[in-house]
Amino acid sequence: MSLRQAFTLPASQITDEAVYRERRRLLAALAMSPALGLAGCAGAEAPPPSAARPASPEQIKAGLRTNEPLTTYADVTGYNNFYEFGTGKGDPSAAAKTLRLSPWTVAVGGECAKPGKLSLEDLIKGLAPQERVYRLRCVEGWSMVIPWLGVPLADVLKRFEPTAKAKYVAFTTLADRKQMPGIAYPSISWPYREGLRIDEAMHPLTLLATGLYGKPLPQQNGAPLRLVVPWKYGFKSIKSIVAITFVERRPATAWNSLQPDEYGFFSNVNPDVDHPRWSQKTERRIAGTGSKLFAERIPTRLFNGYGEQVASLYAGMNLKTWF
Ligand SMILES: Nc1nc2c(c(=O)[nH]1)N[C@H]1C(S)=C(S)[C@@H](COP(=O)(O)O)O[C@H]1N2
Ligand SMILES: [Mo]
């Protein structure tokens, strides 16, 4: 489908995904043509230049992008886990639209030389959004391939000058009873919290996402700012972050506190460590052809396929003990 066809099709037949894919192809073609620089077509609708380039072998090798079929925009933004808005997969897209995104402030503190309470704009000021196409593997046994926009978490964290005592980083989601209907139910001990070891937080694959599919992050996906840690189960990728804290001791995290024997602190994707109630050997890939309910089952890979990039972080650790 050409871009023109995409825009002349009846609205019902145009998917955001089709438009996005076509745009990427078009911009890639333009970028490669010596006569036409990207600047000339960088309209408000255009994704950032990084989205225009097809994944290079180097990017694939570095884990920054994959050429696996993308999950459709409709599924990425319609099949969600965001318990603050309800526990059903359709609840977040139905209920989260009212989450107020501006102003949004993030408190950064703890073991660092330069703590502060910053607006989102100031937090990521000067950092150009990058596109990352990552696999996302939920502990429930399904997975997606999502084109994110975001900045490396390391680039943000360094600005606060963590001290030698900063061994871990703790993250907190907004917990506003008035805006989040799910907070009325004690499914999780609110606010939702997550944490990473400092070396995991500083790893180049760890992303603070502000968008997907070349657009701002929708509320149901954790707007305006969420973590994406592609080699860990999805619940580590905490949404709608309001606090980032450098700490010396391993911080308490939401799912681990609820069921420590089912959800480990590390929660690295691992087909050889089953969840006590189900196998983790395979996953239902919600991407490519077919409806999400009957999506193809594929083998789950250690570290979600990012072992080449991250296995060294866990050298000498027994991954069954430290699950
Ligand atoms: N604050 C918060 N963050 C959260 C969750 C949540 O319920 N609340 N769910 C997690 C789970 S289980 C997954 S699989 C991913 C899903 O992200 P997505 O809906 O953008 O695909 O978000 C994670 N981050
Ligand atoms: Mo999940």
Side-chain angles (χ1 to χ4, degrees), residues 70-97 99 104 106 132-150 170-177 179-196 206-213 215-244 253-259 262-264 267-269 275 277-278 280 283-287 292 295 300 304:
L70 298 180
T71 300
T72 63
Y73 186 80
D75 283 341
V76 172
T77 61
Y79 187 88
N80 301 100
N81 276 335
F82 199 169
Y83 279 24
E84 286 84 339
F85 294 97
T87 53
K89 293 288 183 279
D91 291 345
S93 53
K97 281 289 163 243
L99 177 64
W104 190 274
V106 182
R132 301 285 174 87
V133 184
Y134 285 158
R135 295 175 288 275
L136 175 95
R137 170 55 156 89
C138 176
V139 73
E140 295 162 356
W142 51 266
S143 62
M144 296 188 178
V145 180
I146 304 178
W148 302 103
L149 286 176
F171 304 85
T172 312
T173 296
L174 178 74
D176 182 352
R177 207 167 262 280
Q179 298 192 75
M180 299 168 141
I183 300 281
Y185 305 94
S187 51
I188 276 169
S189 161
W190 311 109
Y192 194 103
R193 286 153 302 146
E194 257 311 332
L196 296 172
T206 305
L207 194 72
L208 265 182
T210 53
L212 56 82
Y213 265 109
K215 303 183 202 196
L217 209 55
Q219 280 98 331
Q220 61 267 35
N221 294 95
L225 187 71
R226 63 90 58 85
L227 190 66
V228 180
V229 194
W231 69 93
K232 293 178 178 283
Y233 289 118
F235 66 86
K236 298 293 292 182
S237 292
I238 183 173
K239 295 178 169 180
S240 304
I241 296 167
V242 292
I244 300 177
T253 57
W255 282 100
N256 179 250
S257 302
L258 200 65
Q259 298 275 18
E262 298 192 1
Y263 308 100
S267 279
N268 294 314
V269 174
H275 186 280
R277 292 181 278 126
W278 59 84
Q280 294 291 27
E283 63 202 57
R284 197 162 50 86
R285 174 61 59 85
I286 305 174
K292 56 179 170 292
T300 287
N304 203 20

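Start at 1 and go down the list; that is how both ligands and their atoms are numbered.
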Which segment of E194 sits under 4.0 Å of ligand 1 when only heavy atoms are counted = neither

May I ask you to check whether T172 and R193 show a side-chain donor-acceptor distance below 3.5 Å?
-> no

Taking the six-membered ring for Trp, is the centroid-to-centroid distance between Y233 and W255 below 6.0 Å?
-> no

Do ligand 1 and N221 have nitrogen or oxygen atoms that lie under 3.5 Å from each other?
-> yes

Are any of the N or O atoms of R226 closer than 3.5 Å to those of ligand 1?
-> yes

K89 side chain to N80 side chain, donor-acceptor N/O pair below 3.5 angstrom = no

Has the side chain of T77 got a donor or acceptor atom that lies under 3.5 Å from a matching backbone atom of Y73?
-> yes

May I ask you to identify, for L136, whether its side chain, its backbone, both or neither come under 4.0 Å of ligand 1 on a heavy-atom basis?
-> side chain

Okay, side chain of E194, backbone of F171: is any donor-acceptor separation there less than 3.5 Å?
-> no

Contact partition for Y192 relative to ligand 1, non-hydrogen atoms under 4.0 Å = side chain

May I ask you to identify the nearest protein heavy atom to atom 24 (N) of ligand 1, giving residue, atom name and distance to one decimal place in Å?
-> S237 O, 2.9 Å

Ranking N81, L227, D75 by closest non-hydrogen atom to atom 9 (N) of ligand 1, top hit is N81

Nearest protein heavy atom with distance in Å, relative to atom 15 (C) of ligand 1 = G234 O, 3.6 Å

If you have a sec, work out which protein heavy atom is nearest atom 19 (O) of ligand 1 and how many Å separate them, to one decimal?
-> K239 NZ, 2.7 Å

Give a yes or no on whether the backbone of P230 and the side-chain of N304 come within a donor-acceptor separation of less than 3.5 Å.
-> yes

Nearest neighbour of atom 7 (O) of ligand 1 from the list Y79, Y83, W255, on a heavy-atom basis = Y83

Honestly, for T173 the part within reach of ligand 1 (heavy atoms, under 4.0 Å) is side chain

W142, any N or O under 3.5 Å of ligand 1 N or O = no

Protein contact of atom 8 (N) of ligand 1 - nearest heavy atom, named by residue and atom, plus distance = E84 OE1, 2.8 Å

